[in-house]
Each structure stands twice: as C-alpha cells, then as structure tokens.
Number of protein chains: 2
Amino acid sequence: MSEWVEHALSELGRAGYRRGGARTAVVEVLGRHSCARTALEIDDELRAEDRRVGRASVYRALEQLDGLGLVTKVDVGHGTARYEPVRPGGHHHHHMVCDDCGNVLPFEDPELERSIDRLSRRLDFAVAEHEVVLHGSCGCTRH
Amino acid sequence: MSEWVEHALSELGRAGYRRGGARTAVVEVLGRHSCARTALEIDDELRAEDRRVGRASVYRALEQLDGLGLVTKVDVGHGTARYEPVRPGGHHHHHMVCDDCGNVLPFEDPELERSIDRLSRRLDFAVAEHEVVLHGSCGCTRH
DNA sequence: ATGACTGCAAAGCCTTTGCACGCAA
DNA sequence: TTGCGTGCAAAGGCTTTGCAGTCAT
C-alpha cells in the first residue's frame with residue numbers, strides 16, 4: 001500500500017473522522033495515482049472492482065481530504081474538478097492538458113517555481129496557492 | 001466606444017456573422033471591462049440597463065468570440081468560466097483570485113512569461129496557451 | 001447507545017441544445 | 001425571400017444537500 005494512503009488515513013483519524021468504508025476506498029484509489037483524477041474516474045475505478053460507493057460519498061471524501069490538505073484540487077478547465085494526493089516531500093507540479101484527447105499530464109520546473117515565488121513576494125496580494133495550466137497538444141493526433 | 005468593440009464587430013462581420021442585437025450587446029459589455037467577466041455578470045449588466053438578452057445568446061456570442069480569438073476564456077476554478085477581450089497589442093496577463101471575497105484581479109509579469117516560454121520549448125508537448133492562477137487573499141478581510 | 005458515515009434521490013449551478021419566431025441582408 | 005440570430009424552455013453535466021438507515025466506536 002502506498003505510503004500516502006497510510007499517511008492520509010492516519011491524518012483522517014487524528015482529525016476525528018471515523019474509518020468508514022467509502023472514504024477509505026476513495027483514499028486507496030487516490031493513492032494508486034500520482035496525477036489528478038476526477039470524482040467520476042474514482043467512482044468508475046471503484047465500480048470496476050465491485051466496490052460500489054455512492055457518488056456523494058466520493059465528493060464528501062474529497063472535500064474532507066482537501067480540507068486537511070491531503071489532496072489538492074486542480075481545475076484544468078472543462079468544468080470538472082480533479083484531485084491528486086499531496087505526498088509529504090513530494091514535488092510540486094503542474095499540468096499540461098491536451099486539447100485533442102483530454103489527457104492531463106504532469107510537469108515540474110524549478111525555474112518556473114522561482115519566478116512565481118519572486119512574483120508572489122512583489123505583489124500586494126497574499127498568495128497561498130498557485131496553479132499553472134498549459135494547453136496544447138500531446139501529439140496524440142500524429143500517426 | 002472602446003477600440004476593441006469596433007475591432008470585434010468588424011471581425012465578426014468579416015467572419016460572416018450578421019449584426020444581431022444580442023451579440024452586439026455582449027460585445028459592448030465586454031468592451032467596457034479590461035478583466036474577466038462571467039456570462040452571468042454580462043447578463044446582469046445588460047439586464048441592469050434594460051437590454052434584456054437571452055442567457056443562451058450570451059453563451060453563444062461568447063463561444064463565437066472565443067472561436068475567433070477575440071476573447072479569451074479564463075477558468076479560475078469555482079466552476080464558472082470567465083471571458084475577457086483580447087486587445088490587439090494588449091498585454092498578456094494572468095489572474096489572482098481572492099478566496100475570501102471571490103474578487104478576480106489581473107497581474108502581469110514578464111519574468112514569469114519568459115520562464116513559461118523557455119519551459120514550453122523544452123517540453124515534449126506543443127504548448128498553445130498557458131494560464132496562471134494565484135489563489136490567496138486580496139486583504140479584503142482587513143478592516 | 002450515540003452520532004458519524006453512507007447511499008439514494010432530489011435539488012442546485014452553469015452551460016448547451018431544440019425549436020419556432022423574427023430580423024438582417 | 002432566405003436562413004442566420006434570438007429567446008424561451010427543456011435537457012445535460014457536475015456537484016451538493018436532505019434524509020433515513022447503517023455502522024464504527
């Protein structure tokens with residue numbers, strides 16, 4: 001089992017949550033992925049392994065995880081939220097969205113992070129989070 | 001009238017669109033703002049000046065303008081799309097979103113743009129657009 | 001036993017679509 | 001006259017909420 005899954009479950013416990021089946025299932029699915037998933041994808045994945053869970057419970061679990069900082073909510077457009085595990089010590093990354101096939105791919109770039117940090121200090125605005133989304137094509141249409 | 005309004009109306013004409021009332025009204029509202037508006041805000045603004053327009057027409061006009069590159073669709077999360085005029089020669093900018101009051105403010109930073117350009121060249125991905133969103137607080141809760 | 005957790009169904013948003021009428025060209 | 005443009009209403013997605021039964025503690 002992924003380290004993050006144990007971490008998340010223990011943090012949930014510490015925050016006073018009970019160990020319900022639906023929430024645990026959501027945590028386990030998230031733990032299998034390094035990049036952002038939608039609520040629907042998580043639900044489908046659970047359904048595929050016959051662990052049927054109410055859609056509402058998926059959303060509730062994600063909301064709680066987000067509140068505890070255990071996942072990040074990523075919005076790459078198209079009106080569907082995505083969530084991904086925040087691994088302690090893990091690398092901060094952003095996303096490229098293929099406008100041809102809808103694929104979402106992660107990337108990271110220290111120089112970009114430095115630019116944003118410097119900028120954040122300069123602005124008259126208390127920056128808490130930042131998100132960079134690149135749109136374009138991953139090359140899926142090449143044969 | 002804003003220069004962009006004339007530009008947009010003429011481009012719409014060149015693209016073969018007729019000069020309908022609803023679309024023109026949407027263009028005029030957009031032209032009054034330099035930063036991103038939602039479809040609902042545009043609709044409200046029109047309603048306030050007794051130029052009632054069907055909600056669907058607002059969405060249709062925005063879609064067409066986006067298709068011609070006359071506006072940019074900006075997604076700062078919260079599940080609501082925003083649109084802003086693309087002024088020829090205007091500065092490329094990004095957005096800060098106040099998580100306390102929902103305010104959306106523009107900023108620009110040449111260094112950040114350079115970082116993204118360099119990064120884009122390095123990636124195995126054809127970057128067409130990019131979007132940076134800063135979340136945090138604009139200070140509205142200070143008294 | 002108590003109250004959190006869950007699933008289901010219903011309701012809420014934002015956005016898109018279908019359709020008949022009206023207007024620009 | 002032609003068919004694009006428009007408004008209205010209905011339908012579509014994603015997400016949230018209400019509620020009663022269930023389960024962890």
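In what follows, every chain begins at residue 1, and chains take the letters A, B, ... in the order their sequences are listed. Just so you know, these numbers come straight off a predicted model, no measurement behind them.
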Any base atoms under 4.0 Å from [X], or only sugar-phosphate, or nothing? Heavy atoms, all strands.
X: B:Arg52; value: sugar-phosphate
X: A:Arg19; value: sugar-phosphate
X: B:Gly16; value: nothing
X: B:Arg23; value: sugar-phosphate

Spacing of [atom1] belonging to [X] relative to [atom2] belonging to [Y], to within rounding of 0.5 Å:
X: A:Leu68; Y: A:Tyr17; atom1: CG; atom2: OH; result: 5.5 Å
X: B:Asp99; Y: B:Ser137; atom1: CG; atom2: OG; result: 8.0 Å
X: A:Arg19; Y: A:Ser10; atom1: CZ; atom2: OG; result: 8.0 Å
X: B:Arg118; Y: B:Arg122; atom1: CZ; atom2: CZ; result: 8.0 Å

Run the side-chain hydrogen bond (donor to acceptor under 3.5 Å, both in side chains) check on B:His33 and B:Glu41 step by step: do they pass? CA-CA 11 Å; B:His33 297 281; B:Glu41 286 168 351; over 6 Å; no
Does the plane of the ring in B:Phe107 sit parallel, tilted or perpendicular to the ring in B:His94? Use 30° and 60° as the thresholds.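 The arrangement is tilted - the two ring planes meet at 30° to 60°.
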From the options [options], select the nucleotide whose nearest atom is closest to the side chain of [X].
X: A:Val53; options: C:dC14, C:dT15, C:dG7; value: C:dG7
X: B:Arg55; options: C:dC8, C:dC5, C:dT15; value: C:dT15
X: B:Tyr59; options: C:dC14, C:dC8, C:dC5; value: C:dC14

Opening and closing nucleotides of DNA chain D in contact with chain B, under 4.0 Å to non-hydrogen atoms: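 First-to-last contact on DNA chain D, by the 4.0 Å heavy-atom rule, is D:dG3 to D:dC8.
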Euclidean distance, atom [atom1] of residue [X] to atom [atom2] of [N] [Å, nearest integer]:
X: B:Arg60; N: C:dC14; atom1: CZ; atom2: P; result: 19 Å
X: B:Gln64; N: C:dT15; atom1: CD; atom2: C1'; result: 15 Å
X: B:Ile42; N: C:dT15; atom1: CD1; atom2: C1'; result: 14 Å

A:Thr72/A:Glu84 under side-chain hydrogen bond (donor to acceptor under 3.5 Å, both in side chains): CA gap, chis, key distance, verdict: CA-CA 5 Å; A:Thr72 305; A:Glu84 66 189 1; 5.3 Å; no
Angle between the end axes of the helix from C:dA1-D:dT25 to C:dA25-D:dT1, five pairs per end, to the nearest 10 degrees?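 Axis angle across the helix from C:dA1-D:dT25 to C:dA25-D:dT1, nearest 10°: 30°.
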Which is more 5' along DNA chain C, the nucleotide nearest B:Ala56 or the one nearest B:Gly79? Just name the residue.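 This one resolves to B:Gly79.
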Ignoring hydrogens and geometry, is there a side-chain-to-backbone donor-acceptor pair from A:Ser120 to A:Ile116 under 3.5 Å?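 Between the backbone of A:Ile116 and the side chain of A:Ser120 there is a qualifying donor-acceptor contact (under 3.5 Å).
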Between B:Arg82 and B:His95, is any pair of side-chain heavy atoms under 4.5 Å apart?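 No; the side chains remain at least 4.5 Å from each other.
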